[in-house]
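Residue numbering restarts at 1 for every chain, and letters A, B, ... go by the order of the sequence lines. As a basis for the values below, the full set of heavy atoms in this structure was taken, side chains included, without hydrogen atoms, waters or symmetry mates.
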Amino acid sequence: MSTNDTLPSANFIRQIVTNDLKEHKHNGKVATRFPPEPNGYLHIGHAKSICLNFGIAAEFKGTCNLRFDDTNPEKENIEYMQSIERDVKWLGFDWAGLFNASDYFEQLYLYAEQLIEQGLAYVDSLSADDIRAYRGSLTEPGKESPDRSRSIEENLDLFRRMRAGEFADGQYVLRAKIDMASPNMNMRDPAIYRIRRVHHHRTGDKWCIYPMYDYTHCISDALEGITHSLCTLEFEDHRPLYDWVLEQLRNIDSIPPKPEDALLKVKYVEQAAKLHTPQQIEFARLQLEYTIVSKRKLNQLVTEKHVKGWDDPRMPTLAGLRRAGFTPKSIRDFCERIGVTKQNSWIEMGVLEYCIREDLNENAFRAMAVLQPLRVVIENYPADQVEQLEISNHPQKPELGKRQVPFTQVILIEQDDFAEVPPPKFKRLIEGGEVRLRGSYVIKCNEVIKNAAGVITELRCSYDPDTLGKNPEGRKVKGVIHWVSEPESKVAEIRLYDRLFTVPSPDNEPNFLDVINHDSLDVLEGCRVEASLAAAQAGNGYQFERTGYFCLDAIDSVDGKLVFNRTVTLREGGWAKD
RNA sequence: UGGGUCGUCGCCAAGCGGUAAGGCACGGGGUUUUGAUCUCCGCAUACCAAGGUUCGAAUCCUUGCGACCCAGCCA
């Protein structure tokens, strides 16, 4: 509770909004929207946009809508919609309104007819290849399509017949009539409607023509009364088109009769009257080292089974991060820390790791788990005794209570916590040496037992009964190691995750599949965790002392089988290498 | 070579003409029954470069240089 989400810093968007409010722009309102296309799962990059949009709205007492940008039915589906709603809520946000671009298909169509009637759009019969050829290049102007001079009547007729399904897919396209010589490629008569006989997950087969993004997005924003339309840098060049479309529509003062739908006509008139000017503002998208946030590539990782699904803990998706044990708060904190600017930048993994460690260090209960067990027999401890030790759930927060941890003659410690030939500064157990068992006694190693192959199979130790809750007298024991009772502990599978890629920017590789880290998952079977962890809850983070933060795997922990995922290691002081 | 955008510490990022915030990372002390946490200290005479304006410039002007985006009937 003490560490709040980081204090907001002045980013340029907050400054713009603050200033707009001061000038009473947009009638003193702030309305944003998060507009994902439902063609994949949300990822950490979306989190930045979500936090920005919902955050700005909340901060300035405005509203934020969730709007599905579902204008391309070929790639979109209901599963993605549902996952998006779930992930936005999980991140901690609630939308003022839930909309779909497809809700506006009828209005969008009517506006298109308007554009045609004003001589601002035309139906083109050029093939896709020809349109590309006619577009010119970055340095040469394009040339006008022969259909550009088609009469308004004919355009209207053709467009209506496009909607009626009289033409084949791709036969015609509706284009905005702007400027084929514009230095901005987006203004060279962009296509705004195409013919596609594809079943849409929401509108079914009602439409065989679908509006394009540039045409749809600005109108959707205007219809919803969005004041600040925040998007990423690659849309900077689209802003003139965004503004152009709305500008033309605002200039239309006569609303033509639409006899087939009187109710719609009324709405249409109202909306046209209040069509206002949202302000598009672009910011840099998130680039996180060692990850990929291209939906196409994430999709490929899933479909080609390089990972186990969209929610694989190695995925940078919100579903993956959730399953890995990241908390919504840590991700919100991350999004605040990285800032919002127009600079292309790469964020180091260390920032995200810091955020989750900070949250979990503060809130996660501590527990003990031995990943690679080594048997330790305490010779001077009663063989049949089970002693319940009370250990604090959090060393700095006694208010989180205590738990009971059983101690017995035979315990298990980490193989790494014993060394026959200790490296310099080694402060764990060595033959003849003493070490503190966390929350328990100090033990001394008397003998090392090996098998025929020379592998250590057991340690014979003795304990000092006078060291429970106090330091031994006359000597210092500097090492502390974790342990677990051999008979009283539970068996668990523990999955150790590492970064999915071996290079900081896999997106820049010729083939990102070539730099997949094949050691990104290490499944440890036969790990032993303290008894209290049998009641672990998925969704809670736990610190396995001295080894890292873990969470119960929400999917695979069934029928009493315990599976834990490592969220992140503890910060390492540099000793782990020895 | 057309248009758009951006260049402040290893990585982010404040700064908006008055003399370089902060975070992460890193290095070093201290505390500690987690080599964790916590805590203290250090970390850009310098803001892509070069000129210029000014009493004064990271902030204004000029000219360079570098990076990113744009030629889908994707979003």
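- Look at B/rA57: it lacks any Watson-Crick or wobble partner with both distances under 3.5 angstrom.
- If you check every strand for non-hydrogen atoms under 4.0 Å, A/Gln15 touches a base.
- Closest contact between the side chain of A/Gln396 and the listed nucleotides B/rG15, B/rU8, B/rA36 involves B/rA36.
- A/His217 and A/Tyr242 have tilted rings, their planes meeting at an angle from 30° to 60° on a 0 to 90° scale.
- To the nearest angstrom, C1' of B/rG10 lies 16 Å from CH2 of A/Trp346.
- A donor-acceptor contact under 3.5 Å is formed by the side chain of A/Gln543 with the base of B/rU34.
- Between A/Ile413 atom CD1 and B/rU33 atom P there is a gap of 20 Å when expressed in whole angstrom units.
- Rounded to whole Å, the C1' atom of B/rC70 lies 45 Å from the corresponding atom of B/rG27.
- Side-chain contact annotation: A/Glu79 with A/Tyr41, donor-acceptor N/O pair under 3.5 Å present.
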side-chain contact (heavy atoms from CB on, under 4.5 Å) between A/Tyr210 and A/Tyr193, worked out: CA-CA 6 Å; A/Tyr210 291 98; A/Tyr193 265 94; 5.7 Å; no

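- Side-chain contact check for A/Glu76 and A/His201: no donor-acceptor pair (N or O, by modelled atom type) lies under 3.5 Å.
- For A/Arg161 and A/Phe167, the positive end is not near the middle of the six-membered ring at less than 6.0 Å and at most 45° from its axis.
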Contact state string [nucleotides 69-75 of chain B, B base, S sugar-phosphate only, - no protein heavy atom under 4.0 Å]: BBBSBBB

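- Using a 4.0 Å heavy-atom distance criterion, A/Pro141 is classed as making no nucleic acid contact.
- Using the Watson-Crick or G-U wobble rule with both distances under 3.5 Å, B/rA36 pairs with nothing in any strand shown.
- Between the side chains of A/Thr232 and A/Glu234, a donor-acceptor pair is found at a separation under 3.5 Å.
- Within the 4.0 angstrom heavy-atom criterion, no nucleotide atom of any strand lies near A/Lys478.
- In this structure, A/Leu389 places its CG atom 13 Å from C1' of B/rU33, rounding to the nearest Å.
- As judged by a 4.0 angstrom heavy-atom cut-off over every strand, A/Gly142 is placed among residues making no nucleic acid contact.
- Scanning atom types as modelled, no donor and acceptor separated by under 3.5 angstrom connect the side chain of A/Glu236 and the base of B/rU5.
- A/Leu468 comes within 4.0 angstrom of a nucleotide base, judged by non-hydrogen atoms across all strands.
- B/rU19 and B/rC24 are spaced 28 Å apart, taking the C1' atom of each and rounding to whole Å.
- A/Arg366 comes within 4.0 angstrom of a base, heavy atoms only.
- Nucleotide B/rG42 is matched to B/rC26 when pairs are restricted to Watson-Crick or G-U wobble geometry with both distances under 3.5 angstrom.
- Judged by atom type and distance alone, A/Glu348 reaches the base of B/rG10 through a side-chain donor-acceptor pair under 3.5 Å.
- For the pair A/Phe12 CZ and B/rG15 P, the computed distance is 12 Å after rounding to whole Å.
- Nucleotide B/rA67 forms a Watson-Crick or G-U wobble pair with B/rU5, both donor-acceptor distances falling under 3.5 Å.
- Comparing the same atom, C1', in B/rC68 and in B/rC73 gives a spacing of 27 Å after rounding to whole Å.
- Rounded to whole Å, the P atom of B/rA14 lies 15 Å from the corresponding atom of B/rC48.
- Here, B/rA75 and B/rC38 have their P atoms 47 Å apart, quoted to the whole Å.
- If A/Pro395 and A/Glu289 are placed on RNA chain B by their nearest nucleotide, the residue sitting closer to the 5' end is A/Glu289.
- Comparing the C1' positions of B/rC61 and B/rU54 gives an interatomic distance of 12 Å, to the nearest angstrom.
- One can place CG of A/Leu352 at 19 Å from P of B/rG23, the figure rounded to the nearest angstrom.
- Here B/rC6 is the nucleotide among B/rC6, B/rU34, B/rA14 with the atom lying nearest to any side-chain atom of A/Gln343.
- Using a 4.0 Å cut-off between charged nitrogen and carboxylate oxygen, A/Glu358 and A/Arg337 count as a salt-bridge pair.
- A/Gly439 comes within contact range of at least one nucleobase, with a heavy-atom separation under 4.0 Å.
- Look at CD1 on A/Ile347: it is 13 Å from P on B/rA25, rounded to the nearest Å.
- When each of A/Lys444, A/Arg475, A/Lys470 is tested with A/Asp464 by the rule salt bridge (Lys or Arg N to Asp or Glu O under 4.0 Å), just one qualifies, namely A/Arg475.
- Although no hydrogens or angles enter the test, the distance criterion places no donor-acceptor pair under 3.5 Å between the side chain of A/Glu289 and the main chain of A/Ile347.
- Within 4.0 Å (heavy atoms only), A/Lys342 reaches sugar-phosphate atoms of the nucleic acid but no base atom.
- B/rA36 atom C1' lies 14 Å from atom CG of A/Asp417, rounded to whole Å.
- Ion pairing between a basic and an acidic side chain is recognised when a charged N comes within 4.0 Å of a carboxylate O; A/Glu390 and A/Arg403 show no such pairing.
- If you take CG of A/Asp359 and C1' of B/rU37, they are 14 Å apart, rounded to a whole angstrom.
- Between the side chain of A/Arg571 and the base of B/rU37 there is no donor-acceptor pair of N/O atoms closer than 3.5 Å.
- With its glycosidic angle more than 90° from 0, B/rG56 adopts the anti conformation.
- With hydrogens and angles left out, the side chain of A/Arg546 and the base of B/rU34 share no donor-acceptor pair within 3.5 Å.
- Comparing the same atom, P, in B/rG15 and in B/rC6 gives a spacing of 15 Å after rounding to whole Å.
- Using C1' as the reference atom, B/rU5 and B/rC9 are 24 Å apart when rounded to the nearest Å.
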